[in-house]
Visitor: 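Got a structure here, written out as structure tokens. Questions coming.
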Number of protein chains: 2
Amino acid sequence: MASRVQRKRIRKSPADRRAEIVASAARVAISEGLEAITLRRIGELLDIRPGLVSHYFPAVEDLVAEAFGNAATAELDGLLPPGQRTGTPSQHLTRFFAQATGEAYDAISRLWINARHLSRYRPVLRERVAEQEAAWRERLADVIRAGAERGEFRTDDAYVTAVQILVVIDGLAAHANTGTDSTVPRVTRMAAATAERELGLPDGALADSAPGAPRGRG
Amino acid sequence: MASRVQRKRIRKSPADRRAEIVASAARVAISEGLEAITLRRIGELLDIRPGLVSHYFPAVEDLVAEAFGNAATAELDGLLPPGQRTGTPSQHLTRFFAQATGEAYDAISRLWINARHLSRYRPVLRERVAEQEAAWRERLADVIRAGAERGEFRTDDAYVTAVQILVVIDGLAAHANTGTDSTVPRVTRMAAATAERELGLPDGALADSAPGAPRGRG
DNA sequence: TTGCTTATTGGTCGGCCACTCAATAGCATC
DNA sequence: GATGCTATTGAGTGGCCGACCAATAAGCAA
């Protein structure tokens with residue numbers, strides 16, 4: 001696709017074109033990195049001239065920020081769907097940790113590392129990152145609160161617990177680009193273990209396949 | 001410094017010049033970021049022509065990797081001096097956590113985030129990062145082993161414990177560029193708390209000023 | 001002092017970047 | 001089918017980048 005020989009212009013509504021550009025940029029952000037979002041690259045992917053991208057986003061930084069926001073929101077919705085109706089909070093967390101520890105999460109980790117670094121130089125992006133961090137914390141805190149109300153979890157501050165869990169996940173994610181560790185259970189399980197400890201659950205309660213059986217320590 | 005009107009060439013030994021270039025690049029890495037290490041920037045700082053930097057580092061990526069290695073090693077030596085003779089392992093850890101939680105650590109956090117992100121595109125740097133990660137782990141594991149031998153700590157795998165502690169530190173460091181959280185003790189203390197738990201120490205044993213008094217939970 | 005080695009310069013090249021703007025043409029409306 | 005609005009193009013600007021290389025001169029050895 002993206003036939004180079006295209007002659008005829010395709011004229012779209014501003015809303016459609018803009019959405020198309022953002023979606024394309026979000027895809028680039030995940031697969032190639034936020035700095036790969038350039039007028040030329042996006043133009044090439046959508047078979048439009050770079051100037052058109054500039055027309056919708058006079059400053060590229062705004063597009064980068066929006067692309068990150070879109071990508072991060074999509075990932076969060078995949079990990080912890082908002083307003084979940086099926087399953088218990090425990091099951092939601094179990095599924096969350098299973099995904100957030102798997103290799104498929106590497107792409108998301110890379111995106112976050114990318115965004116956090118680039119935030120150093122890009123104020124608009126920095127603002128978006130802060131927004132997304134808040135969103136992820138709140139989403140996770142909501143699950144914890146739901147579990148606490150049902151009596152599944154014991155916690156005196158769902159928000160702080162959510163932050164603690166995310167700190168561990170961020171720490172594990174730090175190596176997504178360098179690819180060390182990954183095979184020691186005592187390390188891999190740290191995120192779930194933190195949740196279990198902070199929520200008053202038995203060891204292994206949030207492990208992938210074994211709902212109640214503690215794995216034992218040594 | 002760096003007088004623009006300099007006419008006379010200053011001819012140094014290759015070893016000196018090379019060291020000078022690396023030192024300058026390391027300084028730039030910490031203060032401005034690894035991508036700010038350019039032939040022109042380094043040349044400007046040392047008042048030499050960009051071509052000379054190229055002469056010593058035909059590929060800039062090699063200079064970037066070396067600059068990171070230098071900076072990271074220096075920081076590690078500041079946090080956990082090798083072959084420490086004064087003080088106990090507990091004191092070393094206490095000092096380590098105090099520094100690694102303080103604001104002065106932000107510069108180091110930024111550098112690591114920077115390096116880990118850039119590793120995605122730069123194989124040589126990626127190798128260096130892996131090297132440094134190993135060095136940091138080993139250095140911390142050594143302190144833990146020393147404490148275990150003295151009977152201060154209880155652990156069955158000093159290395160895994162070191163990795164766990166560094167995971168938490170990396171997680172806390174993730175926000176160095178976005179500057180959220182930082183004020184909740186339950187979060188700030190996570191690294192030290194992890195160490196205390198894993199090493200069989202009472203709560204607060206590795207806290208900054210209070211050597212033995214647990215702070216209490218609520 | 002002279003000569004020689006080589007550290008250092010100066011200039012150039014191609015490449016990719018964001019950004020600007022007048023000219024063009026798609027398409028809805030009449 | 002003609003008209004007008006505006007989405008889209010095309011072309012150009014200036015900036016910064018790494019890399020390359022022949023010419024130059026610093027300073028040691030003779």
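Here the structure is a predicted model, which means the values were calculated and not measured. These numbers come from the heavy atoms of this one structure, side chains and all, not from hydrogens, waters or symmetry mates. Each chain gets a letter, A, B and so on, in the order the sequences are listed, and its residues count up from 1.
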Visitor: Apply side chain to side chain donor-acceptor pair (under 3.5 Å) to B:R145 and list each qualifying residue two or more places apart in sequence or on a separate chain.
Guide: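 Per chain and number, B:R145 pairs via side chain to side chain donor-acceptor pair (under 3.5 Å) with B:D142.
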Visitor: Using atom types as modelled, flag every donor-acceptor pair under 3.5 Å from a side chain in residues 107-117 of chain A to any protein atom, sequence neighbours excluded.
Guide:
residue: A:S109; atom: OG; partner: A:Y105; partner atom: O; Å: 3.2
residue: A:R110; atom: NH1; partner: A:A176; partner atom: O; Å: 3.3
residue: A:N114; atom: OD1; partner: A:L34; partner atom: N; Å: 2.8
residue: A:N114; atom: ND2; partner: A:E35; partner atom: OE2; Å: 2.8
residue: A:N114; atom: ND2; partner: B:H117; partner atom: NE2; Å: 3.3
residue: A:R116; atom: NE; partner: A:E133; partner atom: OE2; Å: 3.1
residue: A:R116; atom: NH1; partner: A:D170; partner atom: OD1; Å: 3.4
residue: A:R116; atom: NH2; partner: A:E133; partner atom: OE2; Å: 3.2
residue: A:R116; atom: NH2; partner: A:D170; partner atom: OD2; Å: 3.3
residue: A:H117; atom: NE2; partner: B:E35; partner atom: OE1; Å: 3.0
residue: A:H117; atom: NE2; partner: B:E35; partner atom: OE2; Å: 3.3
residue: A:H117; atom: NE2; partner: B:N114; partner atom: ND2; Å: 3.3

Visitor: Return the residues of residues 12-33 of chain B meeting this criterion: a heavy atom under 4.0 Å from some atom of DNA chain D. Order them by number, or give none.
Guide: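 Those residues whose heavy atoms fall under 4.0 Å from DNA chain D, taken from residues 12-33 of chain B, amount to none.
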Visitor: Between D:dT8 atom P and A:L46 atom CG, what is the distance in whole Å?
Guide: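 Roughly 11 Å, once rounded to whole Å.
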Visitor: Which donor-acceptor pairs under 3.5 Å do the side chains of residues 19-28 of chain A make with protein atoms, sequence neighbours left out?
Guide:
residue: A:E20; atom: OE1; partner: A:R17; partner atom: NH1; Å: 2.8
residue: A:E20; atom: OE2; partner: A:K12; partner atom: NZ; Å: 2.7

Visitor: Applying side chain to side chain contact (heavy atoms under 4.5 Å, CB included) to B:L118 and B:F68, what does each step give before you reach the verdict?
Guide: CA-CA 11 Å; B:L118 220 56; B:F68 168 74; over 6 Å; no
Visitor: Please state how far atom NE2 in B:H55 lies from atom P in C:dG11, giving the value in whole angstrom units.
Guide: 20 Å
Visitor: Rounded to the nearest Å, what distance is computed from the CG atom of residue A:D47 to the P atom of nucleotide D:dG10?
Guide: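 Computing the A:D47:CG to D:dG10:P distance gives 10 Å.
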Visitor: Who are the salt bridge (charged side-chain N to carboxylate O under 4.0 Å, His left out) partners of B:E75, not counting sequence neighbours?
Guide: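 If we apply the salt bridge (charged side-chain N to carboxylate O under 4.0 Å, His left out) test to B:E75, skipping adjacent residues, there are no hits.
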Visitor: Does a nitrogen or oxygen in the side chain of A:K8 sit under 4.0 Å from OP1 or OP2 of D:dT9?
Guide: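 No, outside the criterion.
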Visitor: With respect to the phosphate group of C:dT8, does any side-chain polar atom (N or O) of B:Y56 fall under 4.0 Å of OP1 or OP2?
Guide: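 Affirmative; the distance criterion is met.
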Visitor: Mind checking what makes side chain to side chain donor-acceptor pair (under 3.5 Å) contact with A:S90, not counting sequence neighbours?
Guide: A:E152
Visitor: Without decimals, in angstroms, what is the distance between B:I48 CD1 and C:dG10 P?
Guide: 12 Å
Visitor: Can you list everything that forms a side chain to side chain donor-acceptor pair (under 3.5 Å) with A:Q84? Sequence neighbours excluded, please.
Guide: A:H92
Visitor: Nearest-Å distance, CD1 (A:I42) to P (C:dC19)?
Guide: 14 Å
Visitor: Counting primed atoms plus P, OP1 and OP2 as sugar-phosphate and everything else as base, spell out the protein contacts along nucleotides 15-25 of chain D at 4.0 Å heavy-atom distance: B, S or - for each nucleotide, 5' to 3'.
Guide: --BBB----BB
Visitor: Tell me, please, which residues at least two apart from A:R11 pass side chain to side chain donor-acceptor pair (under 3.5 Å).
Guide: none
